Amino acid sequence: MKIFATAFAAGLLAVAHVSPGLADDEPEFGVLVEKPGVEETFIYCTACHSERIVAQQGLTRKDWIDLLEWMVDEQEMEPIEEPDYTIIIDYLATYYNTDRPNFPGK
């Protein structure tokens, strides 16, 4: 299963870099702020839902951890392996925390 998850993530990464039809002025990671961790976050999160769902949240680090745990336990998401898990949690807790510094439309 780990090999499948790694291959799936690698495939998504390849698709993210060669998305045909994207205009040069369209952001590569949608509405997500382009800071360290955006690529991993975009790849894993958009496998199941829009990046806009992520950007609308304003959660504490603990709440992001709890949410990812809930997705694994209740939504059948594959657990995110290290180092990607820590990269994603750091990104979410920094750029999509309770003060919502990167809420779309700000």
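Note that the coordinates shown come from a computational prediction; the quantities given were computed from them, not determined experimentally.
Across Val38 and Val33, no two heavy atoms sit closer than the pair CG2-O, 3.3 Å. Residues Glu34 and Glu28 share a closest heavy-atom pair of OE2-N, 4.0 Å.
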Exercise for the section: Check the pair Leu92 / Val54 against side-chain contact (heavy atoms from CB on, under 4.5 Å), numbers first and verdict last. Expected result: CA-CA 8 Å; Leu92 294 171; Val54 175; 3.4 Å; yes

Exercise for the section: Could you check Ile89 against Ile65 for side-chain contact (heavy atoms from CB on, under 4.5 Å), going step by step and ending with a plain yes or no? Expected result: CA-CA 7 Å; Ile89 290 295; Ile65 291 168; 3.8 Å; yes

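Hydrophobic clustering of Ile, Leu, Val, Met, Phe, Trp and Tyr side chains at less than 4.5 Å, counting indirect connections, unites Trp70 with Ile88. Criterion: ILVMFWY side-chain heavy atoms under 4.5 Å apart, direct or through other members. Under it, Phe42 and Ile53 are not part of a common hydrophobic cluster. Hydrophobic clustering (side-chain heavy atoms under 4.5 Å, transitive across Ile, Leu, Val, Met, Phe, Trp, Tyr) keeps Ile87 apart from Tyr95.
Between atom CE of residue Met77 and atom SG of residue Cys48 there is a gap of 7.5 Å, rounded to the nearest 0.5 Å. With rounding to the nearest 0.5 Å, the separation of CD in Glu69 from CD in Gln75 is 13.5 Å. Tyr44 contributes atom OH, which lies 14.0 Å from atom CE of Met71 (distance to the nearest 0.5 angstrom). To the nearest 0.5 Å, atom OH of residue Tyr91 and atom CH2 of residue Trp64 are 9.5 Å apart.
Within the 4.5 Å cutoff, the side chain of Asp63 has no heavy atoms near those of the Gln57 side chain. Side-chain contact between Arg61 and Asp90 is present, with at least one heavy-atom pair separated by less than 4.5 Å. The shortest distance between side-chain heavy atoms of Glu39 and Phe29 falls below 4.5 Å.
Other residues, nucleotides and ligands contribute only 12 or fewer heavy atoms inside 6.0 Å of the CZ atom of Arg52. Around the CD atom of Glu82, the shell of radius 6.0 Å holds more than 12 heavy atoms that belong to other residues, nucleotides or ligands.
Judged purely by atom type and a 3.5 angstrom limit, Asp84 has no side-chain atom pairing as donor or acceptor with the backbone of Ile80.
For Ala55, the side-chain contact (heavy atoms from CB on, under 4.5 Å) criterion is met by Val31, Leu32, Tyr96, Pro104, not counting sequence neighbours.
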